[in-house]
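Single-structure report; data block below.
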Amino acid sequence: MTTRHPLEFTPPHLRRYLFFVFTVLTVLGFLIFMYLDQPLRTLAAPSGVVSFELAGTVDNSRAMMDSWDDGARLNNAFGLGFDFLFMPLYATGLSLGILLASNRRRGIWPKIGMVLGWGAYVAIVFDSIENMALFSILQGNIVPPYPQTAALCASIKFGLLIFGLIYGIAGWLYPKKQCSY
């Protein structure tokens, strides 16, 4: 059995259109997160929710929670819930971008694209675990292993997404090689 890119079943003539749609939806999601993140940016959490995701320790998590008022905490809880709707959007957009980039090359390039295409969806698993740990912290459970779990899962998620994004951009920046679609 040959492993394939998770979206290879998508008809080739629809891939660019779907990539555009999912990219626009992802950007709209980011705009919502930017709005929700404003009250979360404090001295203790200079990068807002990203600081919270990567806090990694009970002390850092507690300092961030103490720096937020009830409205900021509510924004954070809403953002974590909204993230569950956002995850399939960003993963599908990124995976489609990777698929389009992988079709521009031969050799090892498509194999790497297949792995990174799945990686975009694996990122959802880590994002979900991270969010559950963060929900526990928001509920007052500022104890191990929640901050450590959230930081580890966020790091893996960001790594998978960044590698996929770099691959997709590189696939479009370098000249196209002769390939069959």
Side-chain angles (χ1 to χ4, degrees), residues 6-7 10 17-99 116-169:
L7 298 176
T10 308
Y17 171 75
L18 290 172
F19 171 71
F20 175 77
V21 168
F22 280 95
T23 299
V24 168
L25 292 172
T26 299
V27 169
L28 290 174
F30 274 122
L31 292 175
I32 291 169
F33 282 121
M34 286 174 58
Y35 173 77
L36 293 171
D37 201 51
Q38 289 308 307
L40 301 176
R41 293 178 182 266
T42 63
L43 289 176
S47 297
V49 74
V50 174
S51 295
F52 189 47
E53 291 170 348
L54 298 172
T57 67
V58 167
D59 290 341
N60 288 345
S61 296
R62 183 170 284 117
M64 289 176 205
M65 289 285 291
D66 289 345
S67 75
W68 297 329
D69 62 19
D70 289 341
R73 290 180 186 174
L74 184 61
N75 271 29
N76 198 348
F78 179 82
L80 291 173
F82 178 74
D83 197 23
F84 283 100
L85 299 174
F86 182 63
M87 291 176 206
L89 299 178
Y90 75 65
T92 302
L94 180 58
S95 193
L96 281 165
I98 290 167
L99 178 61
L116 293 174
W118 283 105
Y121 289 103
V122 170
I124 290 176
V125 175
F126 287 100
D127 202 353
S128 298
I129 296 167
E130 166 203 320
N131 283 357
M132 297 310 295
L134 295 174
F135 270 125
S136 292
I137 295 169
L138 280 174
Q139 292 174 334
N141 298 316
I142 311 173
V143 296
Y146 298 119
Q148 296 86 351
T149 300
L152 176 63
C153 290
S155 297
I156 294 169
K157 169 194 75 176
F158 287 133
L160 290 167
L161 298 177
I162 289 167
F163 282 129
L165 191 58
I166 290 169
Y167 175 94
I169 291 170

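No experiment lies behind these values; they were computed from the predicted model shown.
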Would you call [X] and [Y] a side-chain contact if the rule is heavy atoms closer than 4.5 Å?
{"X": "Phe78", "Y": "Leu74", "value": "no"}
{"X": "Leu134", "Y": "Leu138", "value": "no"}
{"X": "Leu152", "Y": "Gln148", "value": "no"}
{"X": "Asn131", "Y": "Met87", "value": "yes"}
{"X": "Phe52", "Y": "Ile137", "value": "yes"}
{"X": "Leu165", "Y": "Leu161", "value": "no"}
{"X": "Tyr90", "Y": "Asp127", "value": "yes"}
{"X": "Phe33", "Y": "Phe82", "value": "yes"}

Specify the closest pair of heavy atoms between [X] and [Y], including all atoms of both residues, with the distance to one decimal.
{"X": "Ala44", "Y": "Met64", "result": "O-CG, 3.4 Å"}
{"X": "Gln38", "Y": "Met34", "result": "NE2-O, 3.3 Å"}
{"X": "Ala154", "Y": "Leu54", "result": "CB-CD2, 3.7 Å"}
{"X": "Leu116", "Y": "Ile98", "result": "O-CD1, 3.5 Å"}
{"X": "Gly29", "Y": "Phe86", "result": "CA-CE1, 3.7 Å"}
{"X": "Ser95", "Y": "Pro6", "result": "OG-CG, 3.6 Å"}

I'd like to know whether [atom1] of [X] has more than 12 heavy-atom contacts from other residues, nucleotides or ligands below 6.0 angstrom.
{"X": "Tyr146", "atom1": "OH", "value": "no"}
{"X": "Leu31", "atom1": "CG", "value": "yes"}
{"X": "Tyr35", "atom1": "OH", "value": "no"}
{"X": "Phe135", "atom1": "CZ", "value": "yes"}

[atom2] on [Y] to [atom1] on [X], rounded to 0.5 Å:
{"X": "Cys153", "Y": "Glu53", "atom1": "SG", "atom2": "CD", "value": "10.5 Å"}
{"X": "Asp83", "Y": "Leu89", "atom1": "CG", "atom2": "CG", "value": "10.0 Å"}
{"X": "Phe158", "Y": "Ile162", "atom1": "CZ", "atom2": "CD1", "value": "7.5 Å"}
{"X": "Leu96", "Y": "Thr23", "atom1": "CG", "atom2": "OG1", "value": "8.0 Å"}
{"X": "Asn60", "Y": "Ile142", "atom1": "CG", "atom2": "CD1", "value": "11.5 Å"}
{"X": "Glu130", "Y": "Ile156", "atom1": "CD", "atom2": "CD1", "value": "10.5 Å"}

Report the C-alpha separation of Leu7 and Tyr121 in whole Å, then their side-chain angles, then the decisive distance to 0.1 Å, and conclude whether the side chain to side chain contact (heavy atoms under 4.5 Å, CB included) test is met.
-> CA-CA 11 Å; Leu7 298 176; Tyr121 289 103; 3.6 Å; yes
Which side chain to side chain donor-acceptor pair (under 3.5 Å) pairs, counting each pair once, include a residue from residues 61-81, with sequence neighbours left out?
-> Thr42-Ser67
